[in-house]
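Since the structure comes first, as structure tokens, the remarks are kept for the end.
All heavy atoms count here, side chains included; hydrogens, waters and symmetry mates do not. Order of appearance sets the numbers: ligands from 1, and atoms from 1 within every ligand.
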Amino acid sequence: MRIILIGPPGAGKGTQCQRLVEHLRVPHLSTGEMLRAAVRAGTPEGMQAAAYMENGQLVPDAIILGMVTKRLEASDCRNGCLLDGFPRTLPQAATLDELLERRAMSVDGVIELAVPRDELVRRMLARKRADDDPEIFSKRIASFEVQTAPLLDYYQRQGKLASVDGLGTAEEIFGRVRTAVERFSQRGVRRGHRERTRPEV
Ligand code: ADP
């Protein structure tokens, strides 16, 4: 299965992704992790990306798309993957659809981890990360609301969106995530069935 997990900064995507990749047995593709690794390794992409990341801004598509395309083409992604942090903008989503379509693949489902803004701020204050400076954190939330939230409509129109309540224990939330995944796979089976039977009609 090819699944996308979308959520604002601090929604608990990391925890849910970890559980979901174990459940689905697919690779975890996190653009945030890929970028942090590139920054640590001091690659040209990493050096370019660092300034944007430190400022809570999105890294330019030229860097992101090259990185993701290469990763998606790796053989371990043939049977599926969990996309985390990508796509983050409408152009990235459109590029992903084209990229998969050319390979006769598609996104099976998109899970939104929904958490109210005041809860995100409360969580941010309780944890510590380099880009969790309150001002930078606000910028990351604003970037989510302006650039990423429109993706929810985009996938809703494709009938692929499942919104999951991101409040509760990690275990409770994962139960909801699993239910969403089950629904995606049932729909996939139905869709496959329709496609197979169509020629006989
Ligand atoms: P979070 O989901 O907590 O915002 P991530 O680990 O997904 O954090 O990403 C960290 C940073 O990396 C982002 O703030 C952004 O600067 C950059 N980044 C990650 N993914 C993308 C992407 N798809 N497009 C542009 N920038 C990205």
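Per-residue contacts place R140 under 4.0 angstrom from the following atoms of ligand 1 (heavy atoms of the residue considered): 1 (P), 3 (O), 4 (O), 8 (O), 14 (O). Set against the non-hydrogen atoms of Q57, the atoms of ligand 1 under 4.0 Å away are 15 (C), 16 (O). Of all atoms in ligand 1, listed by their number and element, those nearer than 4.0 Å to a heavy atom of L35 are 12 (O), 17 (C), 18 (N), 19 (C), 27 (C). Every atom of ligand 1 with a heavy atom of K13 under 4.0 Å away is listed here by number and element: 2 (O), 7 (O). In the vicinity of T31, heavy-atom distances shorter than 4.0 Å reach the ligand 1 atoms 19 (C), 20 (N), 21 (C), 23 (N).
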Distance-only donor-acceptor pairs under 3.5 Å for side chains of residues 9-21, two or more places apart:
from	atom 1	to	atom 2	distance (Å)
K13	NZ	D84	OD1	3.3
Q16	OE1	F174	N	3.4
Q16	NE2	A170	O	3.1
R19	NH1	E171	OE1	2.6

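At least one heavy atom of R36 sits closer than 4.0 Å to an atom of ligand 1.
The residue among Q92, Q147, E33, E54 with a heavy atom at the shortest distance from atom 24 (N) of ligand 1 is Q92.
Remark: ligand 1 and D84 share no N or O pair separated by less than 3.5 Å (distance only, no angle test).
A salt bridge links R71 to D76: one of the charged nitrogens lies within less than 4.0 Å of a carboxylate oxygen.
In this structure, M47 is not a member of the same hydrophobic cluster as M67, with clusters built from ILVMFWY side-chain heavy atoms closer than 4.5 Å.
In summary, the side chains of E112 and S163 do present a donor paired with an acceptor at a separation below 3.5 Å, with no hydrogens or angles considered.
Residues forming a salt bridge (Lys or Arg N to Asp or Glu O under 4.0 Å) with R123 (at least two apart in sequence, or on another chain): E119.
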